[in-house]
Amino acid sequence: MFRGSRVLAQGLLTRAELRSGAWRPLFKDVYADARLAVSHPTRCAAAARWLIPPGAAIAGRSAAALFGAGRVEPHEPLDVLVPVARRFGPVAGLAVHTAAQVPGTDVARRAGVPVTTPERTCWDLAQWLRVEDAVALVDVLVRRRLVDPARLGERAHRHAGERGWRRMLRVAELTDGGAESPPESRLRVRLVLAGLPAPVTQFVVERNGAFVARLDLAWPQWKIAIEYDGIWHHDPQQLHRDRRRLNRLVGDDWIVLHLTSKRFATDFDGFLAEVRQAIRTRKR
C-alpha cells in the first residue's frame, strides 16, 4: 500500500501507470497492489497509516469487527473516532465521528492499528446504532470475554448526565453473552422492547437429569420456546438435526414457536402476536 502522490513525486510511476489495472485505489490517494486481497483489516491498516490524524482511532462497527464481532464489507465506510479539535474530514470511505475528548485509556493498538478499546467500542456502538444492532455486537464481545456488562453499566453511571449515557445503560441491560448469533440477539431485544419479559438464552431442557434439548430462547416458567431458523437452515442435514432435537420435547408440554429469517424481516408483528397468545394460554 502506498500514497499515489508520493510515488508520482518520486518518479516511480506515471499517472497513466497509477491508473492502470496494476493498482487498486483504497481511498483518495491511497493505493494497493491489485493482487492484494482487500479486507476490512487491510483497509483499517491503510486508513491508520495514511489518513487518520494522531489521536484518532478506528471505532464503532469497524473496531468491533477487528475484535471478532460482526463484519464490515470492503466497500463499506470505516468508522473513525476523532477528537473535535482535530477538525478532520470528510474523507470518502470513512465515517468520521467526533468526540469532545478521546482519552488515551480508550485507545489501544491492534496489529499496529489504533483502535478504541472494547469497552469504548461498546459506548460508541450504543450511540451510533439502533439498540438491537448495538446489542447484537456487544453480545459477541461479551461472549468473547472482551467486555463485562456490569462494567458497561458502571461506565454509563459514571457518565450520568452526559449525552448518550442512557443509551449505553440500556444496551448494557439488554446484553446477554449467551446469544449464539446476531439474529438471535436482535430477536431477543425486539421481544423485550415490545414489552415481553426477557427470555433465557440457550436454555437446556433435561428429563430425569438427562439432556433433552437446548433452546435458542425460552421462558421456562411457561414452557414456551422460540427457535430462530436462519438462512443456514437451508442445509437439510442441519434442519434434520434441529427437528429431531425439538421432537424430544414432545410429551413435556413445551410450546415451540419457529421464526424464519424471512418472517423476522417481513412479519415480526404477526409473530409477536403469536408469542403473546402462547403466553396468555399458559397464564390461564
Side-chain angles (χ1 to χ4, degrees), residues 26-30 38-142 146-147 151-172 174-175 182 185-186 189:
L26 300 181
F27 301 100
K28 183 178 180 180
D29 198 32
V30 179
V38 177
S39 63
H40 173 252
T42 301
R43 296 179 69 237
C44 286
R49 181 173 182 182
W50 300 113
L51 296 178
I52 65 176
I58 303 297
R61 290 177 61 240
S62 297
L66 290 178
F67 289 119
R71 180 181 176 85
V72 178
E73 300 295 340
H75 65 276
E76 294 184 84
L78 304 182
D79 282 322
V80 176
L81 187 64
V82 181
V84 172
R86 293 293 179 184
R87 296 187 179 183
F88 173 72
V91 176
L94 302 183
V96 179
H97 308 268
T98 58
Q101 182 178 6
V102 185
T105 55
D106 278 349
V107 178
R109 298 194 77 85
R110 191 172 182 87
V113 175
V115 57
T116 52
T117 62
E119 190 173 299
R120 173 65 195 229
T121 298
C122 293
W123 175 277
D124 293 330
L125 292 171
Q127 315 310 312
W128 304 339
L129 302 182
R130 296 185 306 168
V131 171
E132 64 184 73
D133 294 330
V135 171
L137 294 175
V138 175
D139 275 355
V140 179
L141 295 175
V142 171
L146 294 174
V147 293
R151 286 181 56 87
L152 296 179
E154 291 169 2
R155 179 171 185 140
H157 284 296
R158 286 199 308 271
H159 293 272
E162 294 184 18
R163 184 178 180 181
W165 79 274
R166 292 187 185 278
R167 291 181 63 88
M168 180 71 265
L169 184 60
R170 188 59 170 145
V171 167
L174 290 168
T175 294
S185 295
R186 293 186 180 94
V189 171

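Positions are given from 1, in the same order as the sequence printed here.
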Taking atom [atom1] of [X] and atom [atom2] of [Y], what is their separation to the nearest 0.5 Å?
X	Y	atom1	atom2	answer
Glu119	Met168	CD	CE	8.5 Å
Thr116	Leu81	OG1	CG	7.0 Å
Asp106	Arg155	CG	CZ	4.5 Å
Thr98	Phe88	OG1	CZ	12.5 Å

At their closest point, which heavy atom of [X] faces which heavy atom of [Y], and how far apart are they?
X	Y	result
Ala64	Thr121	N-CG2, 3.8 Å
Trp165	His159	CB-O, 3.4 Å
Leu141	Cys122	CD1-SG, 3.7 Å
Val113	Cys44	CG1-O, 4.1 Å
Ala63	Val115	CB-CG2, 3.5 Å
Leu78	His40	CD2-CD2, 3.6 Å

>> Checking the side chain of Gln127 only, and the main-chain atoms of Gly164 only, is there a donor and an acceptor separated by less than 3.5 Å?
In response: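 Yes: the side chain of Gln127 pairs with the backbone of Gly164.
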> Can you name the residues that form a ring-ring contact (aromatic ring centres under 6.0 Å, His included) with Trp128, not counting sequence neighbours?
Replying inline: His97
Can you list everything that forms a salt bridge (charged side-chain N to carboxylate O under 4.0 Å, His left out) with [X]? Sequence neighbours excluded, please.
X	value
Glu76	Arg61
Arg167	none
Asp124	Arg120
Arg71	Glu73

>> Please evaluate residues Ile58 and Val80 with respect to the criterion side chain to side chain contact (heavy atoms under 4.5 Å, CB included), reporting the C-alpha separation (whole Å), side-chain torsions for both, the decisive distance (0.1 Å), and the verdict.
In response: CA-CA 5 Å; Ile58 303 297; Val80 176; 4.2 Å; yes
Please name all residues satisfying side chain to side chain donor-acceptor pair (under 3.5 Å) with [X], sequence neighbours left out, ordered by chain then number.
X	answer
Arg43	none
Ser39	Thr42
Arg49	none
Thr175	none

> Within a strict 4.5 Å, meaning less than it, do heavy atoms of the Pro182 and Leu137 side chains meet?
Replying inline: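 They are not in side-chain contact.
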Please enumerate all residues that pass side-chain contact (heavy atoms from CB on, under 4.5 Å) together with [X], with sequence neighbours excluded.
X	answer
Arg109	Pro114
Val30	Arg3, Leu26, Phe27, Ala46, Trp50, Leu51
Ala134	Leu125, Leu129, Val171

> Please walk me through it: do Ser185 and Glu132 pass side chain to side chain contact (heavy atoms under 4.5 Å, CB included)?
Replying inline: CA-CA 7 Å; Ser185 295; Glu132 64 184 73; over 6 Å; no
>> With a sphere of 6.0 Å drawn around CZ of Arg87, does it hold more than 12 non-hydrogen atoms of other residues, nucleotides or ligands?
In response: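 Check fails, neighbour count at 12 or below.
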